[in-house]
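Down below is the structure, laid out as structure tokens.
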Amino acid sequence: MKIATFNINGVRARIETLTSWLSEAQPDVVVLQEIKTQDESFPAEPIADLGYNLEVHGQKSFNGVAILSKLPLEDVRRGLPGDESDEQSRYIEATVVGQQAVRIAGLYLPNGNPQPGPKFDYKLAWMERLRARARELRDLEMPVLMLGDYNVIPEPRDAAFPEKWVDDALFQPESRAALRRILNDGWTDAIRLREPDSKRGPFTFWDYQAGAWHKDNGIRIDHVLMSPQAADLLIDVGIDRDERAKDKPSDHVPVWVDLDA
DNA sequence: ATGGTTGATGGTCAA
């Protein structure tokens, strides 16, 4: 079962970017972030034409997440628990049953800039809620993936120029510590597992500005976290870096894992 | 040091 995450940066503006990648990469399940549209405006037809079921948790203008799956999506849950007043659409969960059931959580973690400030406070509070949900999911003792745009640069080697990020919410000690706390609860970072000794990179995001792609001025902020039972099924991982060089790219590229499930 | 880009929206905000 090939499962991917892709921050599409506006699914209506980039539906052809999405469908051409789907046709080529042939993932079984995809979580999308920053769809930037309400449920009823999601371009569902081209997705259905490619054989995908679709569950959307949209929002007008900003944020918005979705899950696509060639297999049925079961037990869909929208929103990150822990704050009834949170109206931002950043989290969706569903179960996909292949050879065995895999629980999949797609997330768009708050950016948190500027910091310090209320947006950064929201980010850190959101991360504590995510940790609480992650512990519940871990305790299911089943294959679970929590994947998406985490908006956290875990370590200096996850940025081409880490010194440029020292004042950014994505690289604050508090943001990095909050991600480490989740990992230390028993989750595995799939990309880092396969490239443990890399001194720089790989990256998943390159800004549109200032020729960042051309200079390979990237960061790694899109992550796939695996529960122990999911990690046991890991066959392969990848970053579809070439997508960034194509026409009308997102500023993020897809990240995927293949599980024996 | 500043500005550089993009989407959704319809003036700016978010990233």
Side-chain angles (χ1 to χ4, degrees), chain A residues 5-21 30-44 46-47 56-66 79-80 86-91 106-127 130 147-154 158-172 174-176 178-179 203-223 240-241 243-255:
Chain A
T5 174
F6 194 0
N7 180 321
I8 194 65
N9 188 20
V11 73
R12 286 181 292 172
R14 268 182 256 284
I15 186 61
E16 288 171 10
T17 301
L18 176 59
T19 53
S20 70
W21 170 72
V30 183
V31 297
L32 297 176
Q33 302 89 38
E34 284 205 87
I35 62 171
K36 296 186 176 180
T37 186
Q38 298 170 101
D39 295 15
E40 56 270 26
S41 309
F42 192 104
I47 300 300
V56 182
H57 184 37
Q59 180 178 339
K60 188 176 182 179
S61 303
F62 307 117
N63 306 324
V65 291
L80 180 64
D86 184 1
E87 294 183 346
Q88 299 192 32
S89 297
R90 297 180 172 275
Y91 187 88
L107 62 102
Y108 176 46
L109 206 146
N111 176 296
N113 282 304
Q115 75 79 30
K119 291 190 172 183
F120 190 58
D121 296 341
Y122 173 68
K123 176 182 193 139
L124 296 180
W126 203 96
M127 292 189 81
L130 181 64
L147 71 171
D149 178 358
Y150 276 74
N151 268 317
V152 177
I153 302 166
D158 294 307
F161 301 99
E163 66 276 11
K164 303 276 191 196
W165 297 91
V166 291
D167 294 324
D168 196 286
L170 278 58
F171 196 52
Q172 288 312 292
E174 297 94 328
S175 309
R176 295 166 57 196
L179 177 57
F203 306 130
T204 66
F205 169 95
W206 296 261
D207 201 286
Y208 290 121
Q209 301 185 83
W213 166 249
H214 191 67
K215 300 176 200 165
D216 197 24
N217 178 10
I219 53 176
R220 191 172 72 96
I221 55 175
D222 300 273
H223 306 303
D240 289 348
R241 179 185 162 96
E243 293 302 305
R244 187 64 179 79
K246 295 185 178 175
D247 287 341
K248 206 168 169 59
S250 171
D251 39 6
H252 299 248
V253 295
V255 181

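Below, all heavy atoms of this structure are taken into account, side chains as well, without hydrogens, waters or symmetry copies. First the proteins, then the strands, lettered A, B, ... as listed; each starts at 1.
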Taken to the nearest whole Å, CD/Glu34(A) to P/dA8(B) is 10 Å
Lys60(A) NZ to dT9(B) P: how many Å, rounded? 6 Å
Going by the rule side chain to side chain contact (heavy atoms under 4.5 Å, CB included), which residues pair with Pro46(A) if we only count those two or more places apart in sequence or in a different chain? Ile15(A), Thr19(A), Pro43(A)
Would you tell me if any nitrogen or oxygen in the side chain of Arg90(A) comes within less than 4.0 Å of OP1 or OP2 on dA14(B)? no
Both Thr37(A) and Asn63(A) contact DNA chain B. Taking the nearest nucleotide for each, which residue is further toward the 5' end? Thr37(A)
Salt bridge (charged side-chain N to carboxylate O under 4.0 Å, His left out): pairs with one or both residues in residues 159-172 of chain A, sequence neighbours excluded: none
Near-strand residues of residues 110-121 of chain A, defined as heavy-atom separation under 4.0 angstrom from DNA chain B: Asn111(A), Lys119(A)
Applying a 4.0 Å non-hydrogen cut-off, can you work out what Phe205(A) is touching in the nucleic acid: base, sugar-phosphate, or nothing? nothing
Within residues 113-127 of chain A or reaching into it, pairs that qualify as salt bridge (charged side-chain N to carboxylate O under 4.0 Å, His left out) - sequence neighbours excluded: none
What integer distance in Å separates Asp149(A):CG from dA15(B):C1'? 10 Å
Please give, in whole Å, the distance from dA8(B) C1' to Gln59(A) CD? 12 Å
Taking the P atom in each of dT9(B) and dG3(B), what is the distance between them to the nearest angstrom? 28 Å
For Ser61(A) and for Asn151(A), locate the closest nucleotide of DNA chain B by heavy-atom distance; then report the residue assigned to the nucleotide nearer the 5' terminus. Ser61(A)
For Phe203(A), enumerate each residue passing the ring pair (Phe, Tyr, Trp, His ring centres under 6.0 Å) test, keeping only those at least two apart in sequence or located in another chain. none
With His252(A), which residues qualify under ring pair (Phe, Tyr, Trp, His ring centres under 6.0 Å), at least two apart? Phe205(A)
Check side chain to side chain contact (heavy atoms under 4.5 Å, CB included) between Leu80(A) and all other residues, then give those that pass, not counting sequence neighbours. Tyr91(A), Trp126(A), Arg129(A), Leu130(A), Arg133(A)
Between CZ of Phe42(A) and P of dA8(B) the distance, given in whole Å, is 12 Å
Partners meeting side chain to side chain contact (heavy atoms under 4.5 Å, CB included) with Asp39(A) (sequence neighbours left out): Val56(A)
Sticking with atom P, work out how far dA14(B) lies from dG10(B), rounded to a whole angstrom. 14 Å
For Ser250(A) and Asn9(A) the tightest heavy-atom approach is OG-CB, 3.8 Å
Gln88(A) CD to dC13(B) C1', in whole Å, measures 13 Å
Whole-Å P distance, dT2(B) and dT6(B): 23 Å
Pairwise C1' distance, dA1(B) and dT12(B) [rounded to whole Å]: 24 Å
Is a side-chain donor-acceptor pair under 3.5 Å present for Asn63(A) with Gln88(A)? yes
Scoring nucleotides 1-6 of chain B by protein non-hydrogen atoms under 4.0 Å (B base, S sugar-phosphate only, - none) yields ---BBS
